[in-house]
Amino acid sequence: MGLLLKEIRRNPLLWLLAFVPAVFIVEHLKPEAGTLLFVLSVLGIVPLAALLSQATESVAAKTGDSVGGLLNATLGNLTELVIALSALRAGQYMLVKASIAGAIVTNILFMLGASFFVGGLKHHTQQFNAASARLQAGQLFLATIALLVPSTVGGGTAAPDAAFAQTLSLYLAILLITIYGLGLLFSLKTHREFFTAAEQHGEEEHETWPLGLALGILSGVTVLVALVSEVFVASVQEAALAMGMTDAFVGFIVVPLVGGAAEMASAFSGARKNRLDLSVGIALGSATQIALFVAPVLVLASYVLGPSPMTLQFWPGAVAMILLATITASFVSNSGRTAWFVGVVTLAVYLTFAIALYLLPPR
Amino acid sequence: MGLLLKEIRRNPLLWLLAFVPAVFIVEHLKPEAGTLLFVLSVLGIVPLAALLSQATESVAAKTGDSVGGLLNATLGNLTELVIALSALRAGQYMLVKASIAGAIVTNILFMLGASFFVGGLKHHTQQFNAASARLQAGQLFLATIALLVPSTVGGGTAAPDAAFAQTLSLYLAILLITIYGLGLLFSLKTHREFFTAAEQHGEEEHETWPLGLALGILSGVTVLVALVSEVFVASVQEAALAMGMTDAFVGFIVVPLVGGAAEMASAFSGARKNRLDLSVGIALGSATQIALFVAPVLVLASYVLGPSPMTLQFWPGAVAMILLATITASFVSNSGRTAWFVGVVTLAVYLTFAIALYLLPPR
Amino acid sequence: MGLLLKEIRRNPLLWLLAFVPAVFIVEHLKPEAGTLLFVLSVLGIVPLAALLSQATESVAAKTGDSVGGLLNATLGNLTELVIALSALRAGQYMLVKASIAGAIVTNILFMLGASFFVGGLKHHTQQFNAASARLQAGQLFLATIALLVPSTVGGGTAAPDAAFAQTLSLYLAILLITIYGLGLLFSLKTHREFFTAAEQHGEEEHETWPLGLALGILSGVTVLVALVSEVFVASVQEAALAMGMTDAFVGFIVVPLVGGAAEMASAFSGARKNRLDLSVGIALGSATQIALFVAPVLVLASYVLGPSPMTLQFWPGAVAMILLATITASFVSNSGRTAWFVGVVTLAVYLTFAIALYLLPPR
C-alpha cells in the first residue's frame, strides 16, 4: 500500500483519482446532473487507466516473458474494452462502433502525430527502425482491411441485408481472434527477437509492484473502471446533447482519448527521450489490438450481453477515416525519419476528422 | 511421348488428367448432372493448366530469350483467358468480370500470402529484393487504377450512362494493351537485366521438352481446356445453385484458384526453396498481366464473340477488393523481409473476402 | 528592358506573348467569337505564366534566402490562383473545384510521369533521393486527406447538409493555411538543410533580372494574367460546348496544363539533365501548395468575391482521382529509382482520367 501511495505522490496524473469517489457521490446525490457526471467520470477514468496499465506491467514483469507478454498484449486496451462493454449492455451500438473506429484512428493519428511533434520539438530530426515500423504498419493495414470487409464488400448490392452482415460479422470475429492468437504466438514465441528491444526500454521506466499488490490493483481497478464506465455511458447522451456533441464525436474522439491517456503518456515520454521505436510500437500495436481483439470480442459479447447481435458494419465516413489513418501509418513510418512538421501534419489530419465529426449533424 | 509419360509419373498433379475424359463421358451420358460436371471439369482443368504452363516454358526455352519471354508473358494466363472466353460466349458477363477481379485478388493475396506462409514455416525469416518488388507493385497498382477508371471516375453522376461506360471501356482496352506492349519492350528489350535473375531460377526447375512435342501439347491442350471450359461454364450456374454459391463467388474464388493452380505450385515451391523473388515475381507479374492483357482482350473479344459489348465497370465491392489487394501488395513487398505471420495475415484478408462473397445474397 | 527582350529571344515559349494583345483585340472586335477567344487566351496565358515564374525567381534571388523562399513558395502557383479567382467571381464553382482537383492530379501524374518518361528516354535508369521524396509524398498525402475530409467524412449521412459543408470548409480553410504557414517555417527556417540541394540546382539555370525589372514584371504580368483569365472564363462555356468538352474536363485538364506550363518546362528540363530531385520537388511541392494554400485561399475569397460561400466538397469521382494520384506519388517515389516505363504507366493513368472526363456526359 505504501508503494501505491508513493506512486501516487510521484505521478501527478494519479491525483485525478480524487474524481473517482466524486463520481459515485454525485451519482447518489444528484443522479439527474448528466453533464457533471459525464465530466467527472471522464476525469475519473484517466487515472484508473494509468493504474491498470502499470499493474498489468508489474504482473507481466513478475510472471516471466511469455505469460507477461500475453498479459500486456491482452490487457493493454482493457479500459477501452470495459467502457465499450458498458455501452454494449446499454445497447448503444453507435457509441461502441464509433469507439472502435475512433480508437484505431486516435492511436495512429493522435498518438503517433503528437509523439512526432513533442519529440521533434526537442530533437532536430529523429530516427526509428523503419523495417520494424513497416512490418507493424503492414499488419495493422491487413487487420483493418479484415475488419472493414463487412462494410465494403457488400457495397453496391441492392439492399443492405441485415442477416448477411450479422453472419459475416460473427465469422469474421472468430477469424480475427484466431489471427490475434497466431500473432501472439509469433511475437511471444517464434519471432520474439523482433519485439524485445522496445519492451526492454518500457520496463526500465517504472519500479514494478509486488505480484500480490499488482493483482489486487488489477482486479480492483477493473471493477472501478466498470462502475465509472456505467455512469459515463448513462450520462453520455444527456451530456452530449447539452454540450452540442454527437454520439459519433463522443465515441470517436472522447472515449479513445480518455481510455488511452495512460498509453499516450508513455508514448510521448518515449518520444521526448528520443526512443521513437517505443512510441511507434505502442501506437501501432495498440491500434492493431483494437482491430484484432477488442472489436471481435465486442461482437461475440453482444450475443450474450447486448439486446441484439452487433455487426461489424461501420458507416461510410468511419470506413474512410480508418482506411486513411492506416495508409497514413504507412506513409509516416516508411522513411524511418521524422521531424516536428511531420507531427503537425499528422495531427492536422486528426483535427480535421475531429472538426468534421463535431459539426456533423446528428442523424 | 515417353517424355510426357515420364513427366506424368513424376508430377502427381498430372494424375488428375484422368478427369478430362471423365468430363466428356459424363457430359455425353448424363448431361443434366450439372454439379457432377462442374466438379469434374474443375478437377480436369487443373492438370491441363499445369501442362500448358510447362509446354509454354519449353517452347520459350527453345526459341531464345526474346521470343521466349514474349511467349511466357503472353501465354502465362492462357487458362484463365480460355475459361473467360467460354463465359463470354455464353454471355455470362458477371462471371467474366468476377474472374478478372478475382484473378488479380487471388494472385496477390492467396498466391503471395501462401508463399510467405509455406516459406516461413521452413525458414525463420526470408529476404527478397525489395527494390524490384516495389517496382512491380507500383506497376501493378497503376495497371489496376487504369482498369478501375470506368468504375470510379463516373461515380456520383446522375445515372450510370451505358453508352459512356461502353465507349470508355473500348478506349481503355486499347490503351491497356498498348501499355502491355510497351511493358514487354521494357522487360524483354531495353531493361531486361532487371528481370533476368528470377527467370534463370525458373528454368532450372524442369527438364524442357523438344520443340515439336511442346508445340503439339500447347495447341492440343489449349483445345482441351476450351472444351472442358465449355462444360464448366454450362454447368456452373446449376452447380452454384446446388452448392449454395453465388456467381460472384465462383468467378472470384473458384475460377482463379483452378486456372492458376500450376503457377501457384511454382510460387510455393520457390518459397520453400527460399527463392522468394521467384514467388513474388510470379504473383505480381501474373496479376499485372490480367489487368493489362487479359481484361482488355476480353473487352475487345466481346465485340466479336459476345451477345453485346462488355464494359470494364465492376461492382463497388469488387473495386474495393482490387484496390485493397494492390495496396496490400505494396505493404507486403515494401520491407523486403517476411516471416510466416505476414503470410497468415495476407491469407486472412483473402479468407475474409471469400467468406463475404460466399455469404453475399445473390442479386 | 533589354534583358527582357534578350530573354524573349532566347526562350521560344515567350514568342507566344504575341497572343496576349490578340486576345484583347479579338475581344474588342468580335466579343461573340467564344471558341476563338478561348484558344487565344489559353495560348496567351502560357508565356505569361513563364514570365511570372521567372520574375518570382529573380525577386527571390535578390531578397535573400528566407524572403525569397517564401515568395517562391507563395507565388509558385500564382497563375492557377488568378485563373481560379476569375472563375470564382463569375460564380463558376464547378470550374474552380475541378481546377483545384485537376492541378493536384496533373502535377503528380502528368508532370511526374512525363519527367520520368523524358528523363528515361535519355538515361537508362535514374536515381533520386528516395528519403526526401517519401517525406514530400507523405506531406502531400496528409495535405490532400485534410482537403478531402468534407467530401468523405459526411459520406453516408442522410442528406448532404449544406450548412455543415460550409462551416466545415471554412474551419478547414483556416486550418490548411495554418499548416501551410508552419510548413514554410519548417522548410525555410528550422529544417532548410533538407530542401537546399534542389533549390541550388534551380537557380543555376537562368540569369536573374534586376530587382526593379523583376518587381515590375511581377505586378504587370499578374494584371495581364487577370485580364486574360477573365476572357478565358467568360469564353470557356461557349468554347467547351462547341468543342464538346465538359466543365469538368476544362477545369481538370486544360486549366492545370495551361497554368502549369512553365513549371512543367523546368521539371522536364531537370529530368533530361538527370536532376530528378528537382523534377520530383517541383511536382510534389506544387501539388502540396495547391492543397494547402490555393484551395483554402479560394474558399476564403469566395466569402468576399463570390456570389455565395464555396465549400471544399468535391464530387466522388474527383475524390477518387485525387486519392489515387497521391497514392501513386508514394508508389512512384518509394524506390528512388525509375526508368522510362514507370513514366509511361504514370502517364497512362493520367490519360485514362482525361479520357473518362472527356467522355463523361455533362450533368
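Residue numbers start from 1 in every chain, and the chains themselves are labelled A, B, ... in the order their sequence lines are given, proteins ahead of strands. The analysis underlying the following values was restricted to heavy atoms, covering all of them including side chains, and did not include hydrogens, waters or symmetry mates.
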On a heavy-atom basis, the closest approach of B:F141 and C:I327 is CZ-CG2, 3.6 Å
Contact class of C:V344 relative to chain B, heavy atoms under 4.5 angstrom: side chain
Chain C contact via B:L142 - which portion, at a heavy-atom distance below 4.5 Å: both
side-chain contact (heavy atoms from CB on, under 4.5 Å) between C:W340 and B:L185: does it pass, once the steps are laid out? CA-CA 11 Å; C:W340 66 267; B:L185 188 69; 4.1 Å; yes
For C:S330, which atoms come within 4.5 Å of any heavy atom of chain B: side chain, backbone, both, or neither? neither
Should we count CZ of C:F268 as having more than 12 external heavy atoms under 6.0 Å? yes
Decide yes or no for B:L140 and C:F331: does some side-chain heavy atom of the first lie under 4.5 Å from some side-chain heavy atom of the second? no
When B:L182, B:L175, B:L323 are compared by non-hydrogen pairs under 4.5 Å with chain C, the top option: B:L182
Need one label for B:T178: side chain, backbone, both or neither, based on atoms under 4.5 Å from any heavy atom in chain C. neither
Check whether any side-chain heavy atom of C:F341 sits under 4.5 Å from a side-chain heavy atom of B:T190, and report yes or no. no
Contacting moiety of B:T326, where chain C heavy atoms sit under 4.5 Å: backbone
Heavy-atom proximity to chain C below 4.5 Å, by part of B:I179: both
Please find the pair of heavy atoms, one from C:A356 and one from B:F164, that lie closest to each other, and give the distance. O-CE1, 3.4 Å
Between OG1 on residue C:T352 and CD1 on residue B:I145, distance to nearest 0.5 Å: 8.5 Å
